[in-house]
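In the text below, chain A, chain B and the rest are named by the order of the sequence lines, each starting its count at 1.
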Amino acid sequence: MSEPLPAPRISDLARSRGPGGVDQGTPDYLAGLNPEQREAVETTEGPVLVLAGAGTGKTRVLTTRLAHILATGRARPWELLVVTFTNKAAREMRERITALIGPSAEGLRWLGTFHSVAAQILRRHAELVGLKSSFTILDTDDQERLLKQLLEAANIDTKRWTPKSLSGLIDHWKNRGWTPEKLPPSEDFANGKGHALYAAYQARLATLNACDFGDLLLHNLTILSKHADLAEEYRRRFRYILVDEYQDTNVAQYLWLRLLSSSTGNVCCVGDDDQSIYGWRGAEVDNILRFEKDFPGARIVKLERNYRSTSHILGAASALISANKDRLGKTLWTEDQSGDKVRVRGVWDGEAESRLIADEIETARRPHAGEPGLKYKDMAVLVRASFQMRAFEERFVLLAIPYVVIGGPRFFERAEIRDAHAYLRLIQSEDDDLAFERIVNVPKRGIGETSVQKILQIARHNGVSAMTAVRDLITSDELQARTRTALSTFVRDFDRWRALAADTRHWSLTEIVLEESGYTDMQKADRTTGQTRLDNLKELVQAMQSFETLGAYLEHVSLVMDLDRGAGDDAVQIMTLHGAKGLEFPLVFLPGWEEGVFPSQRSIDEKGEKGLEEERRLAYVGVTRAKQDARISFAANRLVYGRWTSQLPSRFVDELPMAHVEAESDTGYYGASAGMKEAKSRWDDTPVFGSGYSSPGWQRAQAYTAKQSPTDRPARKALIEGEGRLIATADPKAGGNWARGERVFHQKFGYGNVRVIEGNKLLIEFEKAGEKRVIDTFVEKVT
DNA sequence: GATGCTAGGTTTTTT
DNA sequence: ACCTAGCATC
């Protein structure tokens with residue numbers, strides 16, 4: 001179906017030349033591929049599913065396949081549709097293809113994330129769904145504020161029915177490909193109001209000429225299914241389609257792909273059903289399990305030779321994943337026969353666990369038996385949930401082990417960055433009411449909530465933007481004189497900045513705006529977080545410099561919600577298992593393998609057997625990140641949300657085969673298989689930390705944190721005068737662990753501070769009564 | 001608009 | 001145990 005096309009730059013690559021420039025027949029880029037990999041690369045016509053196990057060279061196959069298609073003249077770069085999930089994956093793919101075929105890779109204009117490609121298509125046909133091609137893309141924050149207004153307008157209790165949950169629900173609906181018209185009646189929110197709210201939200205988005213992330217795909221679906229001619233045009237345009245991480249596609253993405261391809265087309269999906277870990281955000285493993293039905297006669301290529309891990313690591317991982325029922329089934333193998341067994345350790349509590357891991361990190365760094373030691377960055381601690389990270393951070397700080405936490409709050413989601421963006425958006429377009437609302441009183445300029453509501457109300461009533469309404473209001477007498485003055489300054493500032501924008505580079509404009517608006521001053525006044533925020537803003541100004549225009553910058557950030565910041569120095573990586581997908585490390589630590597923590601209880605409660613299988617895939621992903629060594633650990637006692645809880649080892653520990661595991665425990669439990677019964681009974685008899693204290697008369701004193709309280713808040717005072725320990729709580733219902741400097745409340749004597757602790761005795765001094773009381777109780781974990 | 005306090009929530013995360 | 005939104009009060 002494709003006639004060969006001239007591809008000048010690429011043809012250099014297509015054939016390797018011997019020393020004398022003699023054509024040897026086999027293209028360079030195919031050299032070194034194993035037979036399966038080669039099949040995956042060379043099966044270019046018709047549908048193909050590449051099942052790529054962990055560490056089987058997937059990215060290499062993917063990029064080589066693209067290079068092959070281009071090099072053999074089957075298509076030109078702009079005739080390829082290549083979609084990934086993350087910007088990082090898209091970027092990496094582009095880089096690697098460029099390395100293979102040179103600058104002609106720039107022609108790959110349809111290579112990107114699902115959302116960025118969908119956005120490109122939507123911009124071309126926006127009018128078909130009632131948008132202008134200049135539509136803005138809202139982030140979750142904008143979304144939630146908009147929904148809050150709608151909920152309030154509909155008189156719905158936003159505490160019981162939070163904007164957040166509605167936003168999550170709408171997102172879920174969009175992921176399933178449901179527009180308000182197609183929403184099944186069984187789906188609902190706030191007792192029968194779900195459908196109307198969803199429709200109202202979409203209508204509001206349309207008036208704002210905006211859409212959210214889900215809409216990018218959803219509008220595509222509407223356009224492509226209603227306009228068969230357009231869909232056909234795209235199907236013709238995309239001669240070859242390639243989808244990465246197919247196991248993570250949701251229904252909307254799946255439908256989108258179906259509309260852009262035909263069932264006999266050249267569609268290549270790459271994925272691994274065993275690594276599907278995003279079911280909770282709409283991914284359908286079924287998409288990959290069903291591939292052969294969707295694309296009859298599809299070729300299935302399994303990549304099973306692993307180039308990453310030792311045989312023990314693979315053995316442990318394979319045994320684990322074999323406990324899952326819903327899978328296509330692959331058996332990874334390796335020629336590597338070196339390496340140690342996976343080590344499993346049971347320890348007393350979370351603290352012992354972090355101590356153990358820190359020790360092992362230091363040991364691994366030391367040269368041993370002629371082998372050089374590992375670097376910090378060769379090691380990673382992979383946790384199930386982020387609350388588990390803190391224990392490691394504390395330990396690493398204490399021992400001066402350098403570490404980085406990967407993940408955490410993302411750059412463009414930080415409040416200060418969003419504030420800055422809101423200023424810029426409002427300068428760029430006066431109609432951006434959401435931006436207006438966000439910063440009209442940030443920093444405080446005497447425009448209270450009441451005035452803002454009034455402005456918005458009038459704006460909506462008159463069908464104009466908030467900024468226009470403000471211009472009218474300044475000249476009327478509907479607002480207090482003081483508010484009017486504040487507003488006219490506000491408007492004047494923006495007029496000035498807008499004029500300035502014409503002949504100022506956008507990053508300088510940003511600096512000027514932040515300075516003149518008083519935003520920088522506001523942050524400087526905040527001693528707790530101000531400096532970090534100012535640093536972030538500086539980074540923002542820096543980042544803006546690589547964009548031509550303000551518009552280009554804003555389009556970029558709305559799709560790419562993070563900055564690719566430097567990989568950093570030599571440091572141990574701490575991250576969640578989800579965050580570790582696609583990465584590899586010589587030495588991997590997998591702490592917290594306890595029932596309820598991992599597998600997560602909530603996952604099992606909500607999704608039952610399916611949830612458990614996904615947790616197991618997560619365990620599989622974790623173990624297969626390791627190249628040389630994997631170390632699993634679990635604790636008998638753990639502090640979870642401030643409560644000491646006794647823990648049982650994860651069922652995943654039991655599923656590990658002794659042949660590939662070496663287990664040992666400080667507390668009586670030996671982990672895998674052999675001697676399990678006896679070991680388990682010993683574990684069950686192990687005494688657990690006593691915890692909890694309660695006594696009549698004591699009430700909970702609310703904890704304040706440095707972030708929440710400025711220096712003059714009571715808790716803060718105690719922090720400064722006391723021993724540097726933050727105020728904790730003493731909750732008679734829950735029991736609590738008290739420490740020096742902690743603040744407590746007694747019905748009779750009021751607030752008091754814990755001054756001295758000796759053994760089990762507490763001395764508490766009360767502020768008002770001048771009372772001193774000695775409390776005899778069981779105290780532990782005193783710092 | 002600042003302050004004091006309470007209630008509610010806390011798996012995983014991309015775009 | 002900790003954080004944050006939001007209420008009541010000054």
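Nucleic acid contact for A:Ser600: base, since at least one base atom lies under 4.0 Å from a heavy atom of the residue. Heavy atoms of A:Glu606 sit under 4.0 angstrom from at least one base atom. Residue-level contact check: A:Lys148 touches the backbone only, with heavy atoms under 4.0 Å from sugar-phosphate atoms and none from bases. Residue A:Asn250 is classed as having no contact, given no heavy-atom separation below 4.0 Å to the nucleic acid.
Closest approach to the A:Leu559 side chain among B:dT15, B:dT12, B:dT11 is made by B:dT15 (side chain taken as heavy atoms from C-beta onward). Here the side chain of A:His578 is nearest to one of B:dT12, B:dT14, B:dT15, namely B:dT12. Closest approach to the A:Arg390 side chain among C:dC2, B:dT14, B:dT12 is made by C:dC2 (side chain taken as heavy atoms from C-beta onward).
Using a distance-only test at 3.5 Å, with no hydrogens or angles considered, a donor-acceptor pair links the side chain of A:Thr489 to the main chain of A:Thr485. No donor-acceptor pair under 3.5 Å is formed between the side chain of A:Arg617 and the backbone N or O of A:Gln275. With hydrogens and angles ignored, the 3.5 Å screen pairs no side-chain donor or acceptor of A:Thr249 with any backbone N or O of A:Glu245. In this structure, the side chain of A:Glu606 does not engage the main chain of A:Gly611 through any donor-acceptor pair within 3.5 Å.
Separating the CD atom of A:Glu555 from the C1' atom of B:dT15 is a distance of 12 Å, rounded to the nearest angstrom. Put simply, CG on A:Asp141 is 16 Å from C1' on B:dT14, counting in whole angstrom units. For A:Arg384 and B:dT11, the CZ to C1' distance is 5 Å, given to the nearest whole Å. Note: CG (A:Leu618) to P (B:dT12) measures 11 Å, nearest angstrom.
Donor-acceptor pairing under 3.5 Å is recorded for the side chains of A:Lys174 and A:Gln202.
Residue side chain A:Phe85 fails the stacking definition with respect to B:dT14, as its ring centre and the base's six-membered ring centre are not both under 5.5 angstrom apart and under 30 degrees in plane angle.
One finds a side-chain N or O of A:Asn87 lying less than 4.0 angstrom from the OP1 or OP2 phosphate oxygen of B:dT15. Phosphate contact (OP1/OP2 of B:dT11, side-chain N/O of A:Thr576, threshold under 4.0 Å): absent.
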